[in-house]
Amino acid sequence: MDNSILAIYNEEDTKLGTGFVIKTDNEGAYIATCGHVVNNCGSSMLVEGVKPKIILNEYDNGLDLAVLYVKGVSHPPLHVQVKENINTVKVIGYSRIMRSKIREPISSISVKRNIKIESPLTSISTIGLTTPEPISNGYSGSPVICEDSDKVVGIICIQKSESKNYAICSKHLLEVYPLEEITEEVTEEVIKPKSYTKIEITSNLSVEDNLSIKCRLSENLKTSLSAIIDNNDVWIEPQLYNITEGTPSQEVKKSNKIDINSIINNPKDVIIHAPQQYGLTSLAHYLCKSAWENSEKSFWLYLDASSLQAKKGNINKVISRKIKEAKLTTSELECLVIDELSCVLENSEEIINIIHDMFISIPIVILNTIKVHPLLAESEDQLNQRKFEKIYLWALPRSSVRSLVKQYNINEEFIEHENRVLNKVISDLEAINIPRTPYNCLTILKISEDKFDDSPVNRPDMINRVLSYIFNAGFKPRYKTRPDLLDTEHTVGHFCMLMIKNKKYQFTEKEFIDELTNFCENNEIDLDINVIFQIFCEYNIFAFSGGFYYFKFSYWVFYFAAHGMLNNSEFSSYILSDMNYINYPEMIEFYTGIDRKRTDAISQVTNDLKIIRNTVIDKCNFPTDFNVFDDFQWHPTSEGLNKLNKDLSNGILNSDLPTSIKDSYADKSYNHLKPLTQDITQILEEYSFLRLMKTIHTGAITLRNSNYGNLKARHKLLEELLLSWSQLSSFLTSISPALSKNGYFIIGGARFGLNQDFSKEPEKRLIEVVSSTPSNIIKWFEKDIFSQKIGTTLLNRAKAESNMLHKHLLNLLIISNRPNGWADYINDYIANESKNSFYLFGVHQRLLSEYQFSFASEKSIQLLKNLVKSSLAKHNFDNIKKVNRINDKIIPLRDENKL
């Protein structure tokens with residue numbers, strides 16, 4: 001067993017971790033470890049002296065797991081156990097003694113199960129380990145082995161103290177990398193909170209007393225809602241679920257949604273999890289207010305955990321004072337609502353346990369702030385003897401955002417027509433890439449009051465408008481000075497530039513103020529850094545955790561660092577050279593979007609995209625004419641299907657793709673149920689497809705944001721994007737037979753599958769999969785590339801384009817986004833395209849989809865309908881002038897419920 005546990009380190013031998021064999025083949029072994037071990041070792045990572053291949057690393061997805069492949073290793077795999085019916089475990093891992101790596105076991109470790117690590121997108125099951133001796137950092141990635149079964153039940157990932165550690169349960173390893181030997185069913189333990197009886201109000205309160213309590217509770221709610229808008233009282237029904245927000249939509253059922261009234265009417269022990277600024281404090285006050293206003297009036301008491309001490313006397317004093325103020329008694333207290341609980345709060349567990357002991361017969365509702373960063377926040381399902389049901393507060397659906405916009409338009413200031421404002425709020429939140437929380441929606445509404453413009457904005461524009469509001473209309477007079485925004489962007493840009501160069505993203509208040517005060521003095525800039533720090537804290541640009549500050553969202557770092565690029569040519573060269581910008585795509589987006597004339601970025605990205613595209617061409621070696629779409633048809637005939645199969649066969653079998661991908665097409669007995677993880681990952685990594693896709697993403701954003709850049713350079717970049725999309729199309733087409741037959745394939749632990757809309761018939765499904773390729777490519781990249789400001793560029797290129805696939809991709813992009821003059825161009829295209837071509841069919845399908853489901857003006861809806869009929873007239877009669885022969889009844893109705 002011990003020989004199957006291996007040391008992972010970097011060439012400099014400054015980093016150390018552990019991994020263990022989980023699977024072998026004829027050439028080597030697959031090694032499980034932690035994602036942060038892989039990240040720490042970097043590109044010089046070694047496993048027992050051999051450079052491994054990274055099969056998957058889920059760290060950025062919130063799960064600290066990775067799988068490596070090492071050639072030449074033949075140790076037997078450790079067996080993995082899913083069930084956690086364990087008492088004691090042992091851990092075998094690596095540490096250093098006198099600069100030497102040594103493998104040691106630590107035995108007789110007691111365990112605590114049912115511990116969850118929460119992040120906004122996932123919930124991770126872990127095992128708490130209390131060890132008789134310290135576990136060093138080198139043990140990260142070590143197997144946790146059940147002493148009864150000798151099987152792996154977890155992977156060491158977090159050290160909280162010398163004797164307390166956490167391990168990710170082995171079931172998560174199997175979720176991202178299934179092992180054929182495992183047949184156990186993975187089930188979650190259901191938490192059943194204790195039931196409590198309703199408490200009646202028995203005190204003889206006067207009308208004035210009742211009104212006083214009601215007014216106080218209403219004022220508390222209103223104050224909590226006024227974080228950015230003074231005197232705001234807009235309230236939106238919270239979206240509560242018993243599953244995490246990252247759950248795929250197809251897995252969410254109606255039964256997963258929690259009615260807030262069910263909590264109020266039947267109080268129980270509950271933990272409500274949400275990230276910062278999702279509105280937990282407002283929710284806490286709403287619960288207290290609603291309980292009092294309920295038909296069966298009850299008294300719920302709000303407590304701010306951050307203001308409490310972990311002392312029974314202090315907590316008792318605070319609670320007694322609040323009950324006395326309400327002129328009630330302790331016996332009338334029905335529920336305690338504890339807000340501001342998070343992993344940052346010192347002694348949080350002690351506070352909860354003290355309250356539990358004091359009020360053992362009263363339910364507790366905890367509002368717990370989880371961190372944006374994965375694996376920072378933990379919560380235990382059992383605190384003392386109390387079991388808490390877990391509930392998650394989600395971001396708002398479109399219908400709730402509409403309700404918020406409607407209330408704001410009435411209560412605050414009328415901005416514009418409801419639909420226009422709604423679309424603006426949704427698109428701006430997507431542009432900045434922040435969730436649809438009430439706080440964020442209200443921020444967009446507030447900054448839209450002065451000058452409403454519903455044309456799409458790039459992210460630097462949007463962030464600048466938020467900052468402009470903070471530093472101007474939203475500025476608080478209590479600050480000593482009003483900072484200049486341009487000075488602030490320039491100065492903080494220097495600080496973020498240092499963060500990125502030093503890869504140090506946490507800082508103290510003193511470090512921030514001292515560094516920027518010196519920078520201002522050296523550059524003769526008159527700016528009060530103390531005020532900047534206070535503003536950034538108040539408006540939640542900064543967050544605080546573990547004694548350090550950090551930018552709450554990464555886009556703030558990249559936005560300010562982009563200003564650093566503009567003002568520091570050395571830093572700009574560092575980011576643009578050697579494709580470093582691929583690691584910081586948001587920064588290049590902000591850099592190009594601030595003044596929209598960064599020709600240096602356009603040229604660099606164009607050259608890099610060309611190099612990567614040619615690398616992919618050389619490695620894959622598709623035939624130069626590998627394009628199945630030119631001869632594909634609207635309704636493929638048997639001859640057409642034979643031609644498709646022949647084209648696929650020639651393209652795949654004559655390429656240099658891995659043998660197994662060729663087999664998945666050519667060998668009818670090939671087992672398509674076997675995961676394609678290794679081979680698909682090999683394509684994406686060794687064949688440079690991952691890098692190609694990342695550079696396409698960066699190139700599309702660069703083109704969108706650079707509408708003032710050199711025109712010739714912009715068109716060269718557009719040409720490279722079209723060629724790269726075409727290369728991506730060849731790859732997707734090549735795997736379509738395997739995807740069609742198997743229904744899914746796995747890339748580095750991520751599962752891609754066909755939804756229920758695809759046919760069950762194999763031949764028909766293959767046609768549908770292949771046909772969807774161009775549409776999928778545009779869906780992936782259209783938000784990166786399109787804005788109305790480059791609409792003319794795209795239209796002109798489409799008109800002049802001779803490559804039919806390129807023109808088709810541009811047509812799909814134009815139909816979805818509808819720049820000025822789009823309808824006349826598409827109408828001309830339909831008139832001149834072959835009546836039975838695949839490209840005409842694709843245009844028809846996109847027009848139909850936009851007509852049925854897109855948010856559009858009445859004029860656009862009518863244009864879409866007319867073009868749908870024109871495409872049918874062309875297909876049926878080979879003449880768009882016969883459009884009147886197309887009956888309106890065959891055009892599907894717009895489905896307002898799916899918009």
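By convention here, the first residue in the shown sequence is residue 1.
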Next item on the list: Please report the C-alpha distance between Tyr59 and Asn39 in whole Å, then the side-chain angles of each, then the deciding distance to 0.1 Å, and finally whether the side-chain contact (heavy atoms from CB on, under 4.5 Å) criterion is met.
Entry: CA-CA 9 Å; Tyr59 185 84; Asn39 294 344; 3.4 Å; yes

Next item on the list: Assess whether side-chain contact (heavy atoms from CB on, under 4.5 Å) is satisfied between Ile355 and Leu303, documenting all intermediate values.
Entry: CA-CA 11 Å; Ile355 294 175; Leu303 291 174; 4.2 Å; yes

Next item on the list: Please lay out, stage by stage, how Leu240 and Leu283 fare under the test side-chain contact (heavy atoms from CB on, under 4.5 Å).
Entry: CA-CA 11 Å; Leu240 300 173; Leu283 175 56; 4.1 Å; yes

Notebook entry, point to check: Is there a side-chain contact (heavy atoms from CB on, under 4.5 Å) between Val91 and Ile145 once you walk through the steps?
Noted result: CA-CA 6 Å; Val91 173; Ile145 301 168; over 6 Å; no

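With hydrogens and angles ignored, the 3.5 Å screen pairs a side-chain donor or acceptor of Tyr69 with a backbone N or O of Gly28. Not one N or O on the side chain of Ser170 forms a donor-acceptor pair closer than 3.5 Å with the backbone of Ile155. In this structure, Asn256 contributes its side chain and Lys253 its backbone to a donor-acceptor pair below 3.5 Å. Between the side chain of Asn440 and the main chain of Arg436, no donor-acceptor pair closer than 3.5 Å is present. Put simply, the side chain of Thr18 gets close to the backbone of Tyr94: a donor and an acceptor are under 3.5 Å apart. Not one N or O on the side chain of Tyr177 forms a donor-acceptor pair closer than 3.5 Å with the backbone of Ala66. Of the possible polar contacts, none joining the Ser44 side chain to the Asn10 backbone as a donor-acceptor pair under 3.5 Å is found. Side chain of Asp269 to backbone of Ile364: a donor-acceptor contact under 3.5 angstrom is found. Between the side chain of Asp64 and the backbone N or O of Cys34 there is no donor-acceptor pair closer than 3.5 Å. Under the 3.5 Å distance criterion, the side-chain polar atoms of His172 are matched with a main-chain donor or acceptor of Ser125.
Considering only residues two or more places apart in sequence or on other chains, Ile360 meets the side-chain contact (heavy atoms from CB on, under 4.5 Å) condition with His356. Judged as a side-chain contact (heavy atoms from CB on, under 4.5 Å), and not counting sequence neighbours, the contacts of Lys504 are Asn502, Glu511. Residues meeting the side-chain contact (heavy atoms from CB on, under 4.5 Å) test with Ser107, sequence neighbours left out: Lys90, Glu147.
Residues Ser262 and Asp259 bring no donor and acceptor atom of their side chains to less than 3.5 Å of each other.
Two residues are said to be in side-chain contact when any heavy atoms from C-beta on lie closer than 4.5 Å; Ile391 and Ile263 meet this criterion. Counting heavy atoms from C-beta on, the side chains of Leu393 and Leu367 never come closer than 4.5 Å. For the pair Lys112/Thr130, no side-chain contact is recorded, criterion being any heavy-atom separation below 4.5 Å from C-beta on. Residues Ile5 and Pro143 meet the side-chain proximity criterion, which asks for heavy atoms closer than 4.5 Å. No side-chain heavy atom of Tyr550 sits under 4.5 Å from any side-chain heavy atom of Val557. Contact annotation: the side chain of Val67 approaches that of Leu173 to within less than 4.5 Å [non-hydrogen atoms, C-beta and beyond]. Within the 4.5 Å cutoff, no side-chain heavy atoms of Val89 are placed close to those of Ile127. With a 4.5 Å cut-off on side-chain heavy atoms, Arg96 and Ile102 do not count as touching.
In terms of heavy atoms, Asn3 sits closest to Arg103 at OD1-NH2, 3.5 Å. Nearest approach of Ile338 to Ala305, heavy atoms of both residues: CG2-CB, 3.8 Å. Scanning both residues, Val37 and Gly17, for their nearest heavy atoms gives CG1-CA, 4.0 Å. Here the closest heavy-atom approach between residue Tyr196 and residue Pro267 is recorded as CD1-O, 3.9 Å. Scanning all heavy atoms of the two residues, the minimum distance from Ala395 to Glu245 falls at N-OE2, 2.9 Å. Taking both residues in full, the closest heavy atoms of Leu68 and Ile55 are given as C-CG1, 4.0 Å, listed atom of the first, atom of the second, then distance.
Screening Tyr392, Trp394, Phe388 for a ring-ring contact (aromatic ring centres under 6.0 Å, His included) with His273, the sole residue that qualifies is Tyr392.
Leu78 CG to Ile92 CD1: the interatomic distance, rounded to the nearest 0.5 Å, is 8.0 Å. In this structure, CG in Asp13 is found 9.5 Å from SG in Cys41, a value given to the nearest 0.5 Å. One distance of note links OG1 of Thr437 with OH of Tyr278; it measures 7.0 Å at 0.5 Å rounding. To the nearest 0.5 Å, atoms CG (Leu129) and CD1 (Ile106) are separated by 10.0 Å. Here the CD atom belonging to Gln506 is positioned 8.5 Å from the CE atom belonging to Met499, to the nearest 0.5 angstrom. How far SG of Cys335 is from CD1 of Ile264: 10.0 Å, rounded to the nearest 0.5 Å.
For the pair Lys23 and Tyr30, the cation sits on the ring face: its NZ or CZ lies under 6.0 Å from the ring centre, inside 45° of the axis.
Around NZ of Lys101, the count of heavy atoms belonging to other residues, nucleotides or ligands within 6.0 Å exceeds 12.
Ring planes of Phe551 and Phe542: perpendicular class, angle over 60° (limits at 30 and 60°).
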